[in-house]
Visitor: 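Following this message is one structure expressed as structure tokens.
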Amino acid sequence: MTETKTRTMPAAVILTKGAEQRIADLMAKAPEDAIGVKLSTPRRGCSGLAYSVDYVAEEAKFDEKIETPGGTFYIDGASVLYLVGSIMDWVEDDFTAGFTFANPNAKGACGCGESFMV
């Protein structure tokens, strides 16, 4: 009888400690029905795709699920292909605060930084 081996795959997106902390902060004040935070790439902006992070109330069949110390992080199943190998961080300074993405799949971005193309 052969033994089945399960191989652990790396997550499609690597979360920095800053991103994990921000997810924890978001989940601490999440709506009652929220089960996690979800990253997706809706079509938007002049370059085609944008990053969107929102609360999610239920799991979708093909979403990737990443357990973080502060809560569950989901990646939209249709967006995973555009995000594989990306690093997601949370950056805050005196003037701005937001998630940033180092995405090796992005071939370009619009001038305002709202969207990217693959």
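The basis for the numbers below is simple: all heavy atoms, side chains too, and nothing from hydrogens, waters or symmetry mates. Index from 1, following the sequence.
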Visitor: Between S79 (side chain only) and T41 (backbone N and O only), is there a donor and an acceptor less than 3.5 Å apart?
Guide: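 Checking the backbone N and O of T41 against the side chain of S79, a donor-acceptor pair under 3.5 Å is found.
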Visitor: Taking side chain to side chain donor-acceptor pair (under 3.5 Å) as the test, write out the residues that go with T72, two or more places apart.
Guide: E67
Visitor: Excluding sequence neighbours, so at least two apart, what forms side chain to side chain donor-acceptor pair (under 3.5 Å) with E58?
Guide: none
Visitor: How would you list, by chain and number, every residue that makes a side chain to side chain donor-acceptor pair (under 3.5 Å) with T100, sequence neighbours excluded?
Guide: none
Visitor: Which atom pair, heavy atoms only, marks the closest approach of P104 to A102?
Guide: CD-O, 3.6 Å
Visitor: Would you please name every residue forming a side-chain contact (heavy atoms from CB on, under 4.5 Å) with L81, sequence neighbours left out?
Guide: none
Visitor: Mind telling me whether F101 and Y51 have parallel, tilted or perpendicular rings, with 30° and 60° as the class edges?
Guide: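 Correct class here is parallel.
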Visitor: Tell me every residue that passes side chain to side chain donor-acceptor pair (under 3.5 Å) with K65, counting only those two or more places apart in sequence or in another chain.
Guide: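 Side chain to side chain donor-acceptor pair (under 3.5 Å) check on K65 returns E59.
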Visitor: Are V37 and F99 joined in one hydrophobic group, where the rule is that I, L, V, M, F, W and Y side chains link up if heavy atoms are under 4.5 Å apart?
Guide: yes
Visitor: Verify whether one side chain among D76 and S40 offers a donor that lies under 3.5 Å from an acceptor in the other.
Guide: no
Visitor: Quick check: closest heavy atoms across K38 and A60, and the distance to 0.1 Å?
Guide: NZ-CB, 4.2 Å
Visitor: Do M88 and T16 touch side chain to side chain, with heavy atoms closer than 4.5 Å?
Guide: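 M88 does not reach T16 side chain to side chain.
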Visitor: Drop me the distance from I14's CD1 to S86's OG, to the nearest 0.5 angstrom.
Guide: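 These two atoms lie 9.0 Å from each other.
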Visitor: Tabulate below the donor-acceptor pairs under 3.5 Å that side-chain atoms of residues 17-35 make, not counting sequence neighbours, or state none.
Guide:
residue : atom : partner : partner atom : Å
Q21     : NE2  : D25     : OD1          : 2.8

Visitor: Is there a continuous path of hydrophobic side-chain contacts, each under 4.5 Å between heavy atoms, that joins Y82 to I87?
Guide: no
Visitor: Are I66 and Y55 connected into the same hydrophobic cluster when the rule is that any two of I, L, V, M, F, W, Y join if their side-chain heavy atoms are below 4.5 Å apart?
Guide: yes
Visitor: Flag the pair L15 / V13 as yes when at least one side-chain heavy-atom distance between them is below 4.5 Å, and no otherwise.
Guide: yes
Visitor: Check whether any side-chain N or O of E64 sits under 3.5 Å from a backbone N or O of A12 as a donor-acceptor pair, and report yes or no.
Guide: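 Such a contact is found between E64 side chain and A12 backbone.
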Visitor: Mind checking whether W90 and L83 sit in one hydrophobic cluster, side chains of I, L, V, M, F, W, Y counted as touching below 4.5 Å?
Guide: yes
